[in-house]
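Following: one structure in structure tokens, then a few remarks.
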2 protein chains.
Amino acid sequence: MDDQVLQPGDRDYVGALASGLDVLLAFDAEHPRMTLSEVAAKAEMDRAKARRFLLTLHALGFVKRAGRYFELTPKVLQLGYAYQASNQYRPMIQQYLDEITATLGESTSLTVLDGDSAVLVLRATPPQRLMAIQLSVGTRLPAAYSSMGRVQLAQMDDETLDAWLQRQTLQAHTAYSVTHVKALRERILEARQQGYCIVDQELELGLLSVAVPVFAANGELLGAINISTNAVRVDMNTLVSRYLPALQEAAAQIHTYAR
Amino acid sequence: MDDQVLQPGDRDYVGALASGLDVLLAFDAEHPRMTLSEVAAKAEMDRAKARRFLLTLHALGFVKRAGRYFELTPKVLQLGYAYQASNQYRPMIQQYLDEITATLGESTSLTVLDGDSAVLVLRATPPQRLMAIQLSVGTRLPAAYSSMGRVQLAQMDDETLDAWLQRQTLQAHTAYSVTHVKALRERILEARQQGYCIVDQELELGLLSVAVPVFAANGELLGAINISTNAVRVDMNTLVSRYLPALQEAAAQIHTYAR
DNA sequence: TTCGCTGCGTTCGCAAGGCGAACGAGGCCG
DNA sequence: CGGCCTCGTTCGCCTTGCGAACGCAGCGAA
């Protein structure tokens, strides 16, 4: 077995599986219920194809039909469950996130890097704050514009990082967004040197976020933990003098006890 | 389009998709990393077949290979994400769960019924309590032996309920477990009449749980919310006089505002 | 009322592509 | 060193997924 990276349209590539997953992924927050034709359009396949996969997913219990409409069943959560359960440090890290959230009254989360995205894996939210943007587990944030993404990119070696940067075409999200790869690279190197990363409204107006990397005792990078808050409510000084140390303390604890 | 329930080995049934999902589901807490042969054994297919699906999932980014071992990537979380995002009442319900957990210091959760299981959809856990059983989103609990399951079964009409009970072969989990379908039926009818359900260590020794159903303003059953605690720490009186009212209050609020 | 039209879900013959028996490469033991 | 596992991989056969074509409402114009 050679460690050959991928297979695009190879002999062993099972197209039907890819298409089926595309159908599952066609459902999102804006399209929770769709007709066969809508699914076909969203997943970019003809109706006959979409129908086969919808019927199969229906038979397997992953989608249900209400008249002409199809929607997901909670069974799809099972697909992500194995991943969550496979991280042995998950409960410990959750405890630290809960503690920070309880103390500071701010949202915290653990994300891991997957390609160009930082994927939200764990989170803790304060009881109040009804207006907070509700991100759920599985949400993908652009690595380039999130503190968790940048602080994990900072852990790559120069070669890997530069290769990654090469592939990026930066898309500004707000007026604060860094737009040149060169500037982004500087921010990442800064994060590497400092050991933490702050991103100030580059992803969304008003969103201020600080992140640090977390390591297991054996040095393995487990991901990044962060605190997200509102730029109007919290100033940069509080963020650095109060919030950052809480994150660093948690990361240190995890590093010590995650073995 | 007739509302025909399922398709087992039908013309339109895409076996490849089913097999691919089986491979994904082969990974669990006890088997987070597996070789090709292990996956094949776990998913009950020959090695060649398992290999095709693993390579395809690898190409799609859902699994990664570390030498001879395969493991899931965080991308699988995306599959469950759409379901989570599709529930518009999720953030509101989460708030109420967080509140109850903050007030009582106990774990709370929202589950929905899916076949024979109550699937955990949302949860809130108190910051302390390191020993608590960590259930994660997507976990499936037997509907027959969980308070959330029973209180949702109680919402079925008699005919549907009896058909459901017919299909059950009860498997006792502890010495407290109800073992006869007839007795289970009585518990469920009791839950229907009372509007809540308490299950005392029938699923796991020491696990005491109370649940109530939650409805949207239009009367639609959204699921069940529950409080799980330890039978040693909390007595039945506290459960009924303190915990239950908190759940009922939250359910009433949700019923009023979920529109 | 009838007609054509549009958008829907479903059918079915063809060939693309998944199946698994058979293979060969390593590791282990006598 | 040779026999014997167990593993990952190959490749010809035939299953099985593909999509053009179909039929059926619903609707507006004639």
Side-chain angles (χ1 to χ4, degrees), chain A residues 1-27 31-73, chain B residues 1-27 31-73:
Chain A
M1 172 211 326
D2 40 76
D3 260 10
Q4 199 179 315
V5 260
L6 290 198
Q7 335 251 12
D10 228 16
R11 184 73 213 281
D12 290 313
Y13 186 83
V14 183
L17 175 54
S19 304
L21 293 172
D22 279 343
V23 167
L24 268 186
L25 292 173
F27 292 87
H31 309 267
R33 321 165 16 95
M34 304 164 96
T35 66
L36 192 157
S37 300
E38 286 168 347
V39 171
K42 189 104 200 305
E44 293 176 343
M45 52 182 79
D46 61 44
R47 278 173 274 114
K49 191 172 174 181
R51 176 173 177 271
R52 279 191 292 279
F53 292 116
L54 282 172
L55 290 179
T56 302
L57 289 170
H58 178 75
L60 295 172
F62 290 103
V63 308
K64 64 180 175 197
R65 46 195 312 180
R68 339 188 304 105
Y69 286 92
F70 292 87
E71 52 190 288
L72 298 178
T73 72
Chain B
M1 172 211 330
D2 41 75
D3 259 11
Q4 197 178 315
V5 260
L6 290 198
Q7 335 249 16
D10 229 16
R11 183 76 213 282
D12 292 310
Y13 186 82
V14 184
L17 175 54
S19 304
L21 293 172
D22 279 344
V23 167
L24 267 187
L25 292 173
F27 293 86
H31 310 267
R33 321 165 16 94
M34 303 164 97
T35 65
L36 193 158
S37 299
E38 285 167 348
V39 171
K42 190 102 198 306
E44 295 176 342
M45 51 182 80
D46 62 46
R47 277 170 276 119
K49 191 171 174 181
R51 177 174 177 269
R52 278 192 293 280
F53 292 116
L54 282 171
L55 290 180
T56 302
L57 289 169
H58 179 74
L60 296 172
F62 290 103
V63 307
K64 65 180 173 195
R65 45 195 315 179
R68 338 189 303 107
Y69 287 92
F70 291 87
E71 52 190 288
L72 298 178
T73 72

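Lettering of chains follows the sequences in order, A, B, ..., and the numbering in each one begins at 1. Treat the numbers as computed from the prediction; the structure is a model and nothing was measured.
Residue side chain R52(B) reaches the base of dG20(C) through a donor-acceptor N/O pair under 3.5 Å, judged by distance alone.
In this structure, NE2 in H58(A) is found 11.5 Å from CZ in R51(A), a value given to the nearest 0.5 Å. Rounding to the nearest 0.5 Å gives a distance of 12.0 Å between CZ of R65(B) and CG of L57(B). Atoms CG and CG, from L24(B) and L17(A) in turn, are 7.0 Å apart once rounded to the nearest 0.5 Å.
In this structure, CG of D46(B) is placed 11 Å from C1' of dG18(C), rounded to the nearest angstrom. Distance, L55(B) CG to dG18(C) P: 12 Å, rounded to whole Å. Atom CD in E38(A) sits roughly 11 Å away from atom C1' in dC8(C) (whole-Å rounding). We find that CE of M45(B) is positioned 15 Å from P of dG8(D), with the value rounded to whole Å. In this entry the distance linking CZ of R65(B) with P of dC7(D) reads 15 Å, nearest Å. We find that CZ of F53(A) is positioned 14 Å from P of dT16(D), with the value rounded to whole Å. Between M34(A) atom CE and dC8(C) atom C1' there is a gap of 15 Å when expressed in whole angstrom units. Atom CG in D12(B) sits about 13 Å away from atom P in dT16(D), given to the nearest Å.
Base engagement by A48(B) is indicated by at least one non-hydrogen atom pair under 4.0 Å involving a base atom.
Each of L36(A) and G15(A) was assigned the nucleotide of DNA chain C with the nearest heavy atom; the assignment lying further toward the 5' end belongs to L36(A).
For the pair L54(A) and V63(A), the tightest heavy-atom approach, listed with the atom from each and the gap, is O-CG2, 3.6 Å. Across R33(A) and A66(A), no two heavy atoms sit closer than the pair NH1-CB, 4.3 Å.
For R51(A) and dT10(C), the shortest distance from a side-chain N or O to OP1 or OP2 is below 4.0 Å. Regarding contacts with the backbone of dC8(C), every side-chain N or O of R47(A) stays at 4.0 angstrom or more from both OP1 and OP2. The phosphate of dG8(D) has OP1 or OP2 within less than 4.0 Å of a side-chain N or O from S37(B). Considering only side-chain N and O atoms, R68(B) lies nowhere under 4.0 angstrom from the phosphate OP1 or OP2 of dC7(D).
Picking from dC19(C), dG18(C), dG19(D) the nucleotide with the shortest atom distance to the side chain of V14(A) gives dG18(C).
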